[in-house]
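Heavy atoms only: backbone and side chains are in, while hydrogens, waters and symmetry mates are out. FYI, the numbering just counts along the sequence from 1.
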Amino acid sequence: MLKNNAELRAAFEEFSSFGASRHPIGSPGPVPHHAQSIAMDSSKFAKLCRDSGLIDNETFTLIDCDIVFSKCKKVGKRKLEYDDFRRALAEIADIRQCHVSHVVALVVSAAPEINGTLPHADELIDKLTDTSLYTGMHRARFDPVTGQGRGLAGRETISPTADLSAIVSRHNSATTLGSKASAANRALSPPPHERTAASSSAGPSVFDRLNNVKSFTGTHKHRFNSDGTGRGKAGRD
């Protein structure tokens, strides 16, 4: 097993606590809390191996990293303690066929990398957010000096409620006209019994006409007998 190394312990604490709420992202140095409470899960161990360059996808891959983690953690535990971590580095040195001091040097010289999405500003975004280029009512909603929004002051004044009487009057007029039109349509429409009689006197329905073989023409007429039964293969070419 590796000897106790202050720099190695600091790297272990730094990667183990990376991203925790008590360790803001990007703040350098280890987190000052008791080493007994620090442990490294599999994702942090994989990050350490990636950021330190231990994973080269040739002699040591991400799969090897997972195998070493599972092999070195204590039974029933889900994280590596510091002693387990030192055993894991020795295992990595054996897999990479190098001296363990080389592995330690890579880990000590590494720092957690921040792989996040950064805001991207380009000419198009600058143009779209430049309030001095706005026109019309959009221009009136922003202060021309500071570019800040003017809130309610930058919007049109709401119409007085005194005009509500005119709106109600127009609505009542439209309702009255609609009622008169409906009454006129009802007056012009014949009673239900007359509509039924008219429809019955108009002749057979569309369905009856479509199924009347006597009205068929061409090849369709040739496929049926005079009594309306089909002729089967005899009625085909």
Side-chain angles (χ1 to χ4, degrees), residues 1-132 142-143 145-149 151:
M1 184 184 296
L2 292 174
K3 295 181 179 180
N4 194 8
N5 187 321
E7 294 182 351
L8 183 61
R9 179 180 287 275
F12 172 77
E13 295 178 5
E14 179 73 8
F15 277 94
S16 299
S17 304
F18 181 76
S21 58
R22 53 188 174 183
H23 185 210
I25 294 178
S27 61
V31 179
H33 58 281
H34 297 292
Q36 290 80 0
S37 63
I38 300 177
M40 180 179 292
D41 58 23
S42 59
S43 62
K44 301 296 176 58
F45 182 69
K47 179 174 179 60
L48 180 142
C49 294
R50 285 194 304 267
D51 295 351
S52 62
L54 292 175
I55 295 179
D56 56 6
N57 292 325
E58 294 180 1
T59 59
F60 189 72
T61 65
L62 185 59
I63 297 177
D64 296 325
C65 177
D66 293 335
I67 293 174
V68 169
F69 180 86
S70 300
K71 181 179 180 180
C72 295
K73 69 181 181 65
K74 292 182 174 64
V75 178
K77 299 291 185 179
R78 300 178 61 183
K79 297 182 179 182
L80 292 177
E81 296 179 356
Y82 182 62
D83 292 339
D84 305 328
F85 173 70
R86 290 191 291 172
R87 286 197 300 271
L89 296 185
E91 290 286 341
I92 295 175
D94 291 339
I95 296 175
R96 289 173 57 96
Q97 297 181 357
C98 64
H99 197 272
V100 68
S101 60
H102 176 66
V103 175
V104 174
L106 291 176
V107 173
V108 170
S109 61
E113 297 179 1
I114 302 174
N115 299 319
T117 303
L118 300 177
H120 176 68
D122 53 18
E123 184 179 355
L124 178 61
I125 296 178
D126 293 338
K127 184 177 181 180
L128 292 175
T129 56
D130 188 357
T131 57
S132 62
F142 294 89
D143 188 278
V145 179
T146 61
Q148 296 180 350

So which atom in [X] and which in [Y] form the shortest heavy-atom distance, rounded to 0.1 Å?
X     : Y      : result
Tyr82 : Asn5   : OH-O, 3.3 Å
Cys98 : Val103 : SG-CG2, 3.8 Å
Cys72 : Ala88  : SG-CA, 3.5 Å
Leu62 : Ala46  : CD1-CB, 4.0 Å
Ile38 : Ser16  : CG2-CB, 3.6 Å
Cys49 : Phe60  : SG-CE2, 4.2 Å

| request: Start with the C-alpha distance between Arg78 and Asp41, add both sets of side-chain angles, then the distance that settles salt bridge (Lys or Arg N to Asp or Glu O under 4.0 Å), and finish with yes or no. | output: CA-CA 7 Å; Arg78 300 178 61 183; Asp41 58 23; over 6 Å; no

| task | Taking the six-membered ring of Phe18 (Phe, Tyr or Trp), confirm whether the NZ or CZ of Lys47 is under 6.0 Å from its centre and within 45° of its axis. | result |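 Verdict for Phe18: a cation-pi partner in Lys47.
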
| task | Kindly check if the number of other-residue, nucleotide or ligand heavy atoms within 6.0 Å of CD1 (Ile63) is above 12? | result | no

| query | Considering residues, nucleotides and ligands other than Lys71, do more than 12 of their heavy atoms fall under 6.0 Å from its NZ? | reply | no

So, taking the atom named [atom1] in [X] and the one named [atom2] in [Y], what distance separates them when rounded to the nearest 0.5 Å?
X     : Y     : atom1 : atom2 : value
Leu80 : Lys44 : CG    : NZ    : 12.5 Å
Thr61 : Asp64 : OG1   : CG    : 3.5 Å
Leu89 : Leu48 : CG    : CG    : 7.5 Å
Phe85 : Lys79 : CZ    : NZ    : 15.0 Å

Beyond-backbone contact of [X] with [Y], side-chain heavy atoms, under 4.5 angstrom:
X     : Y      : answer
Phe12 : Val107 : no
Asp56 : Arg96  : yes
Met40 : Phe15  : yes

| request: Could you please spell out the steps behind the side chain to side chain contact (heavy atoms under 4.5 Å, CB included) verdict for Thr59 and Ile95? | output: CA-CA 7 Å; Thr59 59; Ile95 296 175; 5.8 Å; no

| request: Please assess Arg87 against Asp84 for the test salt bridge (Lys or Arg N to Asp or Glu O under 4.0 Å), listing each intermediate value before the final yes or no. | output: CA-CA 5 Å; Arg87 286 197 300 271; Asp84 305 328; 2.3 Å; yes

| field | Salt-bridge present (Arg86, Asp83; N to O < 4.0 Å) | value |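 Salt bridge flag = yes for Asp83 with Arg86.
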
| request: Please answer whether the main-chain N or O of Ile67 pairs with a side-chain N or O of Ser70 as donor and acceptor at a distance below 3.5 Å. | output: no

| field | Contacts of Ser42 that satisfy side-chain contact (heavy atoms from CB on, under 4.5 Å) - sequence neighbours left out | value | Phe69

